[in-house]
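Working notes for the structure below.
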Protein chains: 2
Amino acid sequence: MDVENILRQSNLKITPQRKTILKVIAESDIILDSQEIYQESARLLPSINPSTVYRNLDILLQSGLICKINTQENSAKYRIREQGSHHHHIICKKCGTSIPLDFCPMEELDNKLEKIGFTPTEHRFEIFGYCQKCSK
Amino acid sequence: MDVENILRQSNLKITPQRKTILKVIAESDIILDSQEIYQESARLLPSINPSTVYRNLDILLQSGLICKINTQENSAKYRIREQGSHHHHIICKKCGTSIPLDFCPMEELDNKLEKIGFTPTEHRFEIFGYCQKCSK
DNA sequence: TCCTAATTGCAATATATTTGCATTTGCATT
DNA sequence: AATGCAAATGCAAATATATTGCAATTAGGA
Ligand SMILES: [Mn+2]
Ligand SMILES: [Mn+2]
Ligand SMILES: [Zn+2]
Ligand SMILES: [Zn+2]
């Protein structure tokens, strides 16, 4: 689906700025920080302002369209959140409910692993416990 | 072991500032951010300067005495790195080498899980791949 | 087309962290 | 114990990152 319809589906107003920002994030094959998102957006839409980028990152996050990754570096990174993409689960030991997570620990480790020369191929991450209903 | 000997073991000069900073991190039962580490250090050693805290956090990190955690919030958090404490592994599929990690993804998720009312009891995190030797 | 709330740009502000530099200090060596 | 010197510190200034108030603009439904 194209950026415009994705925004419509989330009941977000369609503005050139918002479309550009989401497009930049969606079409990047690497995770980007706010600076990079601003810079690339400004290349496509020179009049765009950093505040607009920050504000839209918040809105897109809240709408669940993007994910925020906290890396080793000092600025947060963002990536598109595609349904059906790689993800992990929280699993309730009582009722079996499986809640998908929008967080993958690998994203924070890629730098570190590269430094020690380790080439990851698979990983496993699962959280077990009790969901809200079953903890009561 | 006491803070002074830990520093000596890592060939770090022993200064009142460094001792205080490490003590604050070591004796806290929660992970602290740089501000909190500065504030608590300043309570014990009023003359200490924020720059000194930042510089020492870097040095202690490099020496492997503390771990840096990247949380959802805007500032990094730190905790002591105790040998034998909870940790995860990187595992080489060829030679079987198991490398311990000083990173636990749970630390970044505790806030998020609490918000959705999930009470975690166990978790699993493992990375598989090829170590430096075996990738060649 | 009109209306209104949402969005934007801009400048000011806030917060977190880094850096240059002069001074002080830990500690190895005499 | 005195000396020498690299390492560490304090301080102020600089950077980097993110937020906010406000007036002007704009999207999109009525
Ligand atoms: Mn799933
Ligand atoms: Mn182990
Ligand atoms: Zn994953
Ligand atoms: Zn863990």
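Please read all numbers here as calculations on a predicted model, not as lab measurements. Below, chain A is the first sequence line, B the second, and so on; all start at residue 1.
A straight line from NZ of B:Lys13 to P of D:dA8 spans 6 Å, rounded to a whole angstrom. Counting to the nearest Å, the C1' atom of D:dA27 and the CZ atom of A:Arg18 are 10 Å from each other. Spacing between atom CD of A:Gln35 and atom P of D:dA18 amounts to 6 Å, rounded to whole angstrom units. Atoms CD1 (B:Ile59) and C1' (D:dA6) sit 13 Å apart, rounded to a whole Å. Between the CG atom of B:Asp58 and the P atom of D:dA7 there is a distance of 16 Å, rounded to whole Å. Taking atom CG of A:Leu57 as the reference point, atom P of D:dA18 lies 9 Å away to the nearest angstrom. To the nearest angstrom, C1' of D:dG28 lies 14 Å from NZ of A:Lys19. Rounded to whole Å, atom C1' of C:dA16 lies 14 Å from atom NZ of B:Lys77.
Closest to the side chain of B:Thr15, out of C:dT8, D:dG28, D:dA8, is D:dA8. If you check C:dG26, D:dA27, D:dT9 against the side chain of B:Asn56, the one that comes closest is D:dT9.
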Stepwise, does the salt bridge (Lys or Arg N to Asp or Glu O under 4.0 Å) test hold for A:Lys77 with A:Glu107? CA-CA 10 Å; A:Lys77 302 215 168 191; A:Glu107 274 153 346; over 6 Å; no

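For A:Arg55, the side-chain hydrogen bond (donor to acceptor under 3.5 Å, both in side chains) criterion is met by no residue, not counting sequence neighbours.
Between B:Ser34 and C:dA16 there is no side-chain polar atom (N or O) within less than 4.0 angstrom of OP1 or OP2. Taking only side-chain nitrogens and oxygens, A:Gln17 never comes nearer than 4.0 Å to OP1 or OP2 of D:dT26.
Under a 3.5 Å cut-off, the side chain of A:Asn5 and the backbone N or O of A:Met1 do not form any donor-acceptor pair.
With respect to the salt-bridge test (charged N to carboxylate O, under 4.0 angstrom), the residues A:Asp2 and A:Arg8 do not qualify.
Tested against B:His88, the residues B:Arg124, B:His123, B:Glu126 include a single side-chain hydrogen bond (donor to acceptor under 3.5 Å, both in side chains) partner, B:His123. Checked against A:Tyr78 for a side chain to side chain contact (heavy atoms under 4.5 Å, CB included), the options A:Leu61, A:Asp33, A:Leu32 give a single hit: A:Leu61.
With rounding to the nearest 0.5 Å, the separation of CG in B:Leu65 from CG in B:Leu7 is 6.5 Å.
A rotation axis mapping the C1' atoms of four pairs onto the next four is fitted at both ends of the helix from C:dT1-D:dA30 to C:dT30-D:dA1 over five pairs, and the angle between these axes is 40° to 10 degrees.
Within residues 43-55 of chain A, the residues having any heavy atom under 4.0 Å from DNA chain C are, by residue number, A:Ser47, A:Ile48, A:Asn49, A:Ser51, A:Thr52, A:Arg55.
The shortest side-chain heavy-atom distance between A:Gln17 and A:Leu45 falls under the 4.5 Å cut-off. By the 4.5 Å heavy-atom criterion applied to side chains, B:Phe125 and B:Leu101 are counted as neighbours.
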